[in-house]
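This is a predicted model, so every value here is computed, not measured.
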Protein chains: 4
Amino acid sequence: MSTDATPQLRADARRNRDRIINAARVVFAERGPEVPMEEIARAAGVGTGTLYRRFPDRDSLIRAVGQHVFGRVLDEARAIAARESDPWRALTEFLLTATDMHTVLRLSMHSPRAREVLGADPELTQVRGELLSILDSMVRAAQESGALRADVSSGDIAMILSIVLQGVRDVPDDVRREAPARYLTLVLDGLQARPGTPLPGRPVTAEDISMARVYTAD
Amino acid sequence: MSTDATPQLRADARRNRDRIINAARVVFAERGPEVPMEEIARAAGVGTGTLYRRFPDRDSLIRAVGQHVFGRVLDEARAIAARESDPWRALTEFLLTATDMHTVLRLSMHSPRAREVLGADPELTQVRGELLSILDSMVRAAQESGALRADVSSGDIAMILSIVLQGVRDVPDDVRREAPARYLTLVLDGLQARPGTPLPGRPVTAEDISMARVYTAD
Amino acid sequence: MSTDATPQLRADARRNRDRIINAARVVFAERGPEVPMEEIARAAGVGTGTLYRRFPDRDSLIRAVGQHVFGRVLDEARAIAARESDPWRALTEFLLTATDMHTVLRLSMHSPRAREVLGADPELTQVRGELLSILDSMVRAAQESGALRADVSSGDIAMILSIVLQGVRDVPDDVRREAPARYLTLVLDGLQARPGTPLPGRPVTAEDISMARVYTAD
Amino acid sequence: MSTDATPQLRADARRNRDRIINAARVVFAERGPEVPMEEIARAAGVGTGTLYRRFPDRDSLIRAVGQHVFGRVLDEARAIAARESDPWRALTEFLLTATDMHTVLRLSMHSPRAREVLGADPELTQVRGELLSILDSMVRAAQESGALRADVSSGDIAMILSIVLQGVRDVPDDVRREAPARYLTLVLDGLQARPGTPLPGRPVTAEDISMARVYTAD
DNA sequence: TATGAATGAGTCTTCATTCAT
DNA sequence: AATGAATGAAGACTCATTCAT
């Protein structure tokens, strides 16, 4: 975990904090970010009072969940960048790994409320920046190696990832589980097209989306 | 418009109904499907009493918006099917047209609540069925013509469409406007790959998603 | 009534507004300014929703009660100033009238909360300013006529009034009812003492208490 | 100190108890008697657990503060009665001393809650009784000596004291500090008026206020 | 014993829906 | 028929008090 803003905490309090974040992650995913706080408390096995002691309001809980998840993605991105020398494989692996890891986030973060809150969090903004910077390196390397078409930029990739991560619902379980990887693979084929169909619009750079929430396309 | 559940209505009442649906479409898009009803009434320029006379509760308003938008997509799909003889062009055009037409819907329908309501509406279910059937014909024809790779099915296409329609936020205006067409084009390149990378999972058929809400991947 | 910030209101809404202010005046007096809002609503014979529609939070209700009561005192002060030519009688009458009229306020306004809220209200600040200015004229005239000792100023009078208006509790009803007039009369005797005992401290002017809440000494 | 309900206590526990009472006295004065218990604990430099070990609930803490302060007034009253032979000077000195000593109490005790709790405490009732009895002697002696007007009784004096002790706020510091002595002096001048203006109401006796809380006119 | 974490009842406040005007 | 006021149930949040560390 890359981010950790809570220095010292009694062992039991620490444990509760973790349980709450995990419960919130799951419950937000299932019921949206407006679920009654009591539901989250119940899922975490604590009283509402404990929930509020740890997170003084809903927004701060949303922030904590966001930081938790983004921190994990960042760790993963760093590991892949360090380990994988082939540029196309690094990019591919990163996208698929992120997909695999964060089925959750794509569900958690759908709401104007969540977007606003996360967008205003400086800690999260920084993590997102680092993530984009790693992605940018991967994209450039893959283009230099000739594996990736030239008319896209790292912002495009981030957006595609975020879009695909939205996921689908109300389909058979196996379909839902496979969907992100399946459609990401399809897009990756499109990204290798040489020459591909001319793309409408212009390449979207990392700067373009520095104001965006990478994984929260909506 | 294909669907219309409210046959006779005085002219002014009719006008109110339309204003409300349009206001709701916009306000749902901007503020999510949980906006206070009063806000919708205000946007429509009517009192809450009038809103409730026309739509007895929030769900019925959500349904009406859904029917309105789906109806327009269906009309368009029929027109394209009738007009376009080249299968790949028909498919492409349909997807891009749907993209263009429904920036709105993708914003409106993100919530467990909306999903449930729309999923339970028989009228909407039927429209969706017709839409899927048209899409299915287009997909088969495109595969027979050799333009479309064989390891996907019409359910895949519907899901991809629904995913891309989710759209993005917090990016420059031109980027947001172009995003659906841009990434759909990219996917279409992937869909033409011969041979493409083997896709994980299995083809998703129209049956698979008959329980799904095509445009509400969330 | 001197202050009225609420222009047009449907007849029934107006009636409810008045009932709420009156109920709040009484209930604040009896139970302090932290009574559950529901209690006030019940006393006014309305639902909590109505209460909140009219006064979006507790503070705005406190403000409304304060304005209501102060407005009535101001009206009375003006009437006395216009009617009474003898300076000492004017002062005396004003103090006793205020006493008589506002048994209520002295009970309503005891709390840091109430003080803060009322102190921050510009409308109320202005009414208080006018009141002080009228009182100041009365005090100067009474001193010029020789009826009032010279070592006090209008701020002193306002403070004394506010102190006496605090009232007492847990005493027989007749005692409580008479207390303000009785002790004010006693003070008035002290105010006529020529020469009186030298007073510790210095005369308190209207400026000194322009930051104070005249009737809310604590 | 006249009253002490907690005989044996380890030195450090004793120290904690005192710190808590003093902190409560101050914090009640500043923030009213409904301040969160945690705030009092913090001001005393202890944990809430310690606070509750010493005082099982808020009421018992209010009682302890009341006993503490009243005890000190009683000690003072006894000393004055023993030391001062001139009746008017004894009365005057007592009133001004009480004023000087208890700026605090007048702030602490403004709330229905506090009143009720203190009124129900037998220990406090007894202290108050002794205090009234001393005051009664002083009043009678002063009237017999001719220094004090005859149309008042000891209950009046107690009430006046309690009223003046309420104090004022939001005025310059020097004014607030001097206010009780200044206005008590004014009243004392009124109390010497021979003949004074006829007072409305009737003399208030010690019996009349035996149910009252001397210092808690509110 | 001192601490501060956990609990949950009590209030405040919002807003979907009903109803008087 | 249209309006906007009234209602009250639902959910957020606070804090007195209890309890594990």
ask   = Separation of A/Asp59 atom CG from F/dG11 atom P, in whole Å?
value = 18 Å
message = Is the shortest side-chain heavy-atom distance between A/Phe28 and A/Leu61 below 4.5 Å?
response = yes
ask   = According to a strict under-4.0 Å criterion, is A/Arg53 in side-chain N/O contact with OP1 or OP2 of E/dT7?
value = no
note = d(A/Glu123 CD, A/Arg63 CZ) to nearest 0.5 Å is 10.0 Å
inquiry  = Within the 4.5 Å heavy-atom criterion, are A/Phe55 and A/Ile21 side-chain neighbours or not?
reply    = yes
request  = Measure from CZ on B/Phe55 to C1' on E/dA16 and round the result to the nearest Å.
outcome  = 16 Å
inquiry  = One thing to verify: whether C/Asp18 and C/Arg14 come together as a salt bridge, which I'm taking to mean a side-chain N less than 4.0 angstrom from a carboxylate O.
reply    = yes
message = Give me the atom names and distance for the closest heavy-atom approach of A/Ala24 to A/Val65.
response = CB-CG2, 3.7 Å
key: Non-neighbouring partners of D/Asn22 that pass side chain to side chain donor-acceptor pair (under 3.5 Å), sequence neighbours left out   = D/Arg25
Using nucleotides 12-16 of chain F, report all nitrogen or oxygen pairs with the protein that are shorter than 3.5 Å.
unit_1: F/dA12; atom_1: OP1; unit_2: A/Met37; atom_2: N; d: 3.4
unit_1: F/dA12; atom_1: OP1; unit_2: A/Arg58; atom_2: NH2; d: 2.2
unit_1: F/dA12; atom_1: OP2; unit_2: A/Met37; atom_2: N; d: 3.0
unit_1: F/dC13; atom_1: OP2; unit_2: A/Tyr52; atom_2: OH; d: 2.9
unit_1: F/dA16; atom_1: OP1; unit_2: D/Arg58; atom_2: NH2; d: 2.8
unit_1: F/dA16; atom_1: OP2; unit_2: D/Met37; atom_2: N; d: 2.7

task = Calculate the interatomic distance between A/Asp12 atom CG and E/dT7 atom P; express it in whole Å.
result = 10 Å
task = Take the protein atom CD1 of C/Ile40 and the nucleotide atom C1' of E/dT11, then report the distance between them rounded to whole Å.
result = 12 Å
message = Output the rounded distance in Å from CZ (A/Arg42) to C1' (E/dA6).
response = 17 Å
Non-hydrogen side-chain atoms of C/Met37 and C/Leu51 separated by less than 4.5 Å = yes
remark   = Interatomic distance, CG@A/Asp121 vs CD@A/Gln67, rounded to 0.5 Å, equals 4.5 Å
ask   = Rounded to the nearest Å, what distance is computed from the CZ atom of residue D/Arg19 to the P atom of nucleotide E/dT1?
value = 18 Å
request  = State, to 0.1 Å, how close A/Ile62 and A/Val117 come at their nearest heavy-atom pair, and which atoms those are.
outcome  = CG2-CG1, 4.2 Å
remark   = Rounded to whole Å, the CG-C1' distance (B/Leu51 to F/dA5) equals 16 Å
query = Between F/dA5 and C/Asn16, is there an OP1 or OP2 to side-chain N/O distance shorter than 4.0 Å?
reply = no
key: Dot-bracket encoding per residue of DNA chain F, Watson-Crick/G-U cut-off under 3.5 Å, | denoting interstrand   = .||||||||||||||||||||
note = C/Ile62 CD1 to E/dC12 P, in whole Å, measures 11 Å
